[in-house]
Colleague: 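Got a structure for you, written out below as C-alpha cells; questions coming shortly.
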2 protein chains.
Amino acid sequence: MSLDQRKKLILQAIVDDYVSTAEPVASKALIERHDFRLSSATVRNEMSDLEQLGYLEQPHTSSGRIPSDKGYREYVDSLMKVDRLTDEEGEIIRKRLSESFDELTGLLKKASNALSEQTGYVSLALSPRLRKSYLKQLKMMMIEPGKVLVVVVLSAGVVKDRLVRIPDYLTPEQLAQISKAIETGLCGKSLEDITLVTVTSAAKDARLPDALLNQILFEAYTAIKQADNLEIYMDGTNRMLSLPEFSDISRARCLFDTLARDGIVSGYINEMTQDDDKGSYMIRIGQEISIEGLSDCSFVTTTYNVGEKIAGNIGVIGPRRMEYSKVVSQISFVRQVINNHLDQFKALNGG
Amino acid sequence: MSLDQRKKLILQAIVDDYVSTAEPVASKALIERHDFRLSSATVRNEMSDLEQLGYLEQPHTSSGRIPSDKGYREYVDSLMKVDRLTDEEGEIIRKRLSESFDELTGLLKKASNALSEQTGYVSLALSPRLRKSYLKQLKMMMIEPGKVLVVVVLSAGVVKDRLVRIPDYLTPEQLAQISKAIETGLCGKSLEDITLVTVTSAAKDARLPDALLNQILFEAYTAIKQADNLEIYMDGTNRMLSLPEFSDISRARCLFDTLARDGIVSGYINEMTQDDDKGSYMIRIGQEISIEGLSDCSFVTTTYNVGEKIAGNIGVIGPRRMEYSKVVSQISFVRQVINNHLDQFKALNGG
DNA sequence: TTTAGCACTCAAGCATGAAGAGTGCTAAGC
DNA sequence: GCTTAGCACTCTTCATGCTTGAGTGCTAAA
C-alpha cells in the first residue's frame with residue numbers, strides 16, 4: 001500500500017517544514033511555503049488521509065500535523081534527497097582531520113568533533129571492533145621493579161598499552177623471556193581466539209614458580225583483552241540543551257544520563273551493526289531505538305574500515321526532527337575521509 | 001566590624017535552611033526550625049540588619065532572605081562545623097579507591113567518581129603538575145618501521161607514552177642509540193628544565209643526518225612535554241540539571257558549555273592553587289570565581305601530593321547553595337586516601 | 001476532484017481577584 | 001532599652017474566565 005505521488009510530496013514538505021520550524025505544520029502554511037497549486041482545503045484532506053495511514057500525528061484537534069516515526073521512516077527511505085557536500089564543506093572536514101597524526105584515537109576524536117560541529121547534533125565515534133584482528137607484537141617493558149608496561153600491537157596497526165604491577169623480585173631478563181614466549185606463542189592469533197588458556201600454553205616452557213608465572217600471564221591476558229574494549233568518543237551533547245524537544249529539563253536530564261551511561265550507546269550501535277554492511281548508512285528513528293531515554297531521538301550511523309574485516313562506527317544522535325539528508329551526507333563524507341586516512345597509514349605501514 | 005553572637009547564629013541558621021530548601025528563609029520559618037527563644041519580630045529586625053550589612057539579600061519585598069556571597073563567605077570562614085565522616089562513609093570511599101590499581105589515572109578517576117557520588121555535586125580531579133618532577137627513563141620502542149612508541153617515566157612514578165611517526169628507514173639499532181643518548185643526557189632533569197635545546201644537546205654525538213635526527217628529537221621532546229599536560233577528570237555534571245538553580249535551561253547550557261570548555265576549569269584551579277598550601281581546602285564562592293558562567297557556583301578544592309613538590313588537585317563544583325561542611329569533610333577524606341595510596345606506591349617503588 | 005465558506009476546537013495570552021506568605025513599623029510590655 | 005504582639009502593606013502565586021487567533025473538518029457548490 002504505497003502512497004500516491006501527491007501524498008508523498010506533501011509528506012516530504014511537512015517533514016521538511018517541521019524539521020526547520022519545530023512547530024506543527026498547518027495546511028495553509030504549507031501551501032504558502034510550497035508551490036503545490038492546491039488549496040489549503042485539499043491539502044487538509046490529504047493530511048487527514050496521511051494521519052489515518054499513520055504517517056502524521058496531530059498533537060491536538062485544531063493544530064497542525066507533525067510526522068510520526070513512520071512518517072520519518074518513509075521520508076528517509078524514499079523521499080529525501082541527499083546532496084553531496086559543497087567543496088567548502090568538504091574542505092573544512094578534510095582539513096580538520098588532516099591535522100590529526102596517524103594515531104587512530106586522535107583521528108576518531110577529531111572526526112567526532114567535526115561531525116558534531118558540522119551537523120549541530122551529538123556525534124560519536126566508536127573505536128574499531130578488534131576481535132578479528134590478530135596479535136603482531138607483545139612487549140613487556142619493566143619500568144621499575146614490580147611495575148611493567150605491557151604493549152600490545154595488533155594487525156590493524158593499533159597499539160594499546162597498560163601499566164601493571166607484578167612481584168618486584170622478577171628480573172628484567174625473566175620478564176623478557178616470558179614476554180618473548182607469549183609473543184611467539186600468540187603472534188598471528190586473532191583476539192577472539194586468545195583466551196587465558198592459550199596465553200598459558202604459550203608460556204608453558206618458562207621456568208618460573210607457578211604463582212608468579214600465573215600472575216604475569218593473567219596481566220598479559222588482561223592487557224590483550226583490554227585492547228578489544230569498545231571506546232566511544234562523543235561530542236556536542238550540550239547542543240541538545242538548545243533544542244525545543246529538550247526544553248523540559250527532566251527530559252534533558254534523562255537524555256544526558258542515558259548518553260553518559262557507559263556502554264549503552266556503544267553497545268547498541270555495536271549490536272545494530274552487521275558485520276557485512278560496508279559503506280551504507282543506517283538510520284534508527286524514535287521508538288525504533290530500543291534504548292529507554294533515547295526514544296525522542298534518532299540515530300544515523302555508518303561504518304569505517306581498518307583493513308578487511310575490522311570496522312568501527314561513526315554516528316550522529318539528534319532529535320527525531322533531524323536534518324537527515326544533511327547528516328547523511330556529512331557522515332558519509334567523514335567516513336570516506338577516515339577510510340582514506342586509514343588506508344594511507346596502512347600503505348605506510350606495509351599492510 | 002564583626003557580627004555579634006546572635007547575628008552569627010541567625011546567619012548560620014539561614015544558610016543552613018536555605019541550603020536544604022532552596023527557598024528564601026522567612027523569620028517565622030526560622031524560629032520554628034531553630035530554638036532561638038526569640039519572636040519572629042526580633043529575628044526580622046536582625047535579618048534586616050544582616051541585609052543592611054551585606055550578608056543577606058531579599059529577592060523582593062515580602063519574601064524571605066537568602067545569603068549573599070558575603071554571607072556564605074562568613075559562613076564557611078567561621079560559622080560552619082565540619083564533621084568528620086562517619087565510619088561507613090569513610091569505608092565506602094576507601095573501598096572504592098582500593099579497587100583501583102596503582103595507576104594514577106585510574107585512582108583519580110575513581111576519586112572523582114566517588115566524590116561526585118558522595119556529595120551529589122560535580123566533582124573533578126586534576127592530574128599532578130609535573131613541572132618539578134624529573135625524568136627517570138625515556139624509552140623509544142619501534143612498533144614497526146616508521147612507528148615508534150615513546151615511553152616517558154617520571155620521578156613521581158608517572159608513566160606516559162605517545163605514538164609517533166618517524167622516517168621508516170631508521171633502524172631499531174639507530175633508534176636505540178638515540179633513545180639511550182637522550183635518556184642519559186636528560187635523566188634527573190626536571191620537566192621545566194627540559195627544552196628543545198637540552199634535548200638536542202643530549203644527543204649531539206649521534207651520527208645521523210641532521211634532518212632525521214631533528215625530527216626524532218622533536219618527537220621525543222613533544223612526548224616529554226606532553227607528560228606535563230594538565231588532565232582533568234570530571235564527574236556528575238548531569239546532577240546540576242536537577243537543581244532549581246539551573247531549572248532555566250539556558251543557564252544550564254551556559255554552565256555546561258563552560259565546564260566542557262577545555263582548560264577553563266583546570267586552568268583556573270591551577271592558578272588558584274599556591275604551591276605551598278598543602279592539605280587545607282580552598283573555597284571560592286559565586287562572584288569570587290572569575291570565570292564567566294560559573295558565577296552561580298561555588299568551588300571547593302584541595303591538594304593531593306605525589307612526592308615532595310608534586311601536587312595535583314581534587315575538587316567539587318556545586319551551586320552556591322552548597323552543603324559546604326559536608327563537601328569539605330568528604331573532600332578532605334578523599335584527599336587523605338589518595339595521599340595514602342600514593343605514599344604506598346612510592347614505598348613499593350622505592351622512592 | 002477541487003475548493004470556498006463556515007462552524008467548531010483548542011492553545012495561548014491577558015486581566016482579574018483571592019489567598020497566603022512575609023515584611024516593616026508602631027506601640028505596648030518587661 | 002530590648003522584645004514582641006498586632007496590623008497594615010507588599011508581592012507572588014494560583015485559579016478563573018475571557019478573548020483572540022490559528023487551524024481543522026465538513027458541506028455544498030463549481
Side-chain angles (χ1 to χ4, degrees), chain A residues 3-11 13-18 20-68 71 244-245 247-248 321, chain B residues 3-11 13-18 20-68 71 244-245 247-248 321:
Chain A
L3 298 175
D4 65 41
Q5 200 53 32
R6 196 169 72 181
K7 285 199 173 54
K8 284 187 181 176
L9 265 174
I10 289 176
L11 176 57
I14 290 174
V15 173
D16 282 335
D17 281 15
Y18 184 62
S20 64
T21 64
E23 296 291 331
V25 181
S27 55
K28 197 168 158 229
L30 203 66
I31 57 163
E32 275 163 12
R33 295 249 243 151
H34 304 262
D35 186 22
F36 286 139
R37 293 156 193 279
L38 287 174
S39 75
S40 64
T42 310
V43 171
R44 259 198 308 278
N45 288 331
E46 293 287 40
M47 284 166 80
S48 172
D49 288 355
L50 282 167
E51 184 179 353
Q52 214 97 78
L53 294 168
Y55 294 96
L56 296 178
E57 284 166 4
Q58 197 171 26
H60 56 265
T61 345
S62 91
S63 87
R65 305 295 209 296
I66 62 176
S68 66
E245 277 85 345
S247 63
D248 174 18
R321 180 184 62 80
Chain B
L3 297 176
D4 65 43
Q5 200 52 32
R6 196 169 73 181
K7 284 200 173 50
K8 284 188 182 177
L9 265 173
I10 288 175
L11 175 58
I14 290 174
V15 172
D16 282 335
D17 281 15
Y18 185 62
S20 63
T21 65
E23 295 290 330
V25 181
S27 55
K28 194 165 160 233
L30 203 66
I31 56 163
E32 275 164 12
R33 296 250 242 147
H34 304 264
D35 187 22
F36 286 139
R37 289 154 195 280
L38 287 174
S39 75
S40 64
T42 310
V43 172
R44 262 199 305 280
N45 289 331
E46 293 288 39
M47 284 165 80
S48 173
D49 288 355
L50 283 167
E51 184 180 354
Q52 215 97 75
L53 293 168
Y55 294 95
L56 296 178
E57 284 165 5
Q58 198 173 26
H60 55 264
T61 347
S62 91
S63 85
R65 305 294 206 302
I66 62 177
S68 66
E245 277 86 345
S247 63
D248 174 17
R321 180 183 62 80

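All values derive from a computational prediction rather than experimental measurement. Convention: sequence-line order gives letters A, B, ...; per-chain numbering from 1. Every heavy atom of this structure was used, including side-chain atoms; hydrogens, water molecules and symmetry mates were not.
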Colleague: Let me have a per-nucleotide readout for nucleotides 9-30 of chain C, 5' to 3', with B, S or -, counting only protein heavy atoms under 4.0 Å.
Modeller: BBS----------BBB------
Colleague: Is there a side-chain contact between B/R6 and B/T42 (heavy atoms, below 4.5 Å)?
Modeller: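 Yes; the side chains approach each other to less than 4.5 Å.
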Colleague: Any side-chain heavy atom of B/V25 sitting closer than 4.5 Å to one from B/V15?
Modeller: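 No; the side chains remain at least 4.5 Å from each other.
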Colleague: A/T42 side chain N/O closer than 4.0 Å to the phosphate oxygens (OP1, OP2) of C/dT3?
Modeller: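 Yes.
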Colleague: Please test A/Y55 against A/L3 for side-chain contact (heavy atoms from CB on, under 4.5 Å), starting from the C-alpha separation and ending with a verdict.
Modeller: CA-CA 10 Å; A/Y55 294 96; A/L3 298 175; 3.6 Å; yes
Colleague: Provide the full list of salt bridge (Lys or Arg N to Asp or Glu O under 4.0 Å) pairs with a residue in residues 48-66 of chain A, sequence neighbours left out, each pair given once.
Modeller: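 Listed once each, the pairs are A/K7-A/D49, A/E51-A/R65.
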Colleague: Whole-Å distance between D/dA22 P and A/I31 CD1?
Modeller: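 Rounding to the nearest Å, CD1 of A/I31 and P of D/dA22 are 15 Å apart.
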Colleague: What integer distance in Å separates A/E46:CD from C/dT2:P?
Modeller: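 Nearest whole value for this atom pair: 7 Å.
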Colleague: Counting neighbours of NZ on B/K28 that are heavy atoms of other residues, nucleotides or ligands and sit closer than 6.0 Å, is the number greater than 12?
Modeller: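 For B/K28, atom NZ is not crowded (no more than 12 foreign heavy atoms under 6.0 Å).
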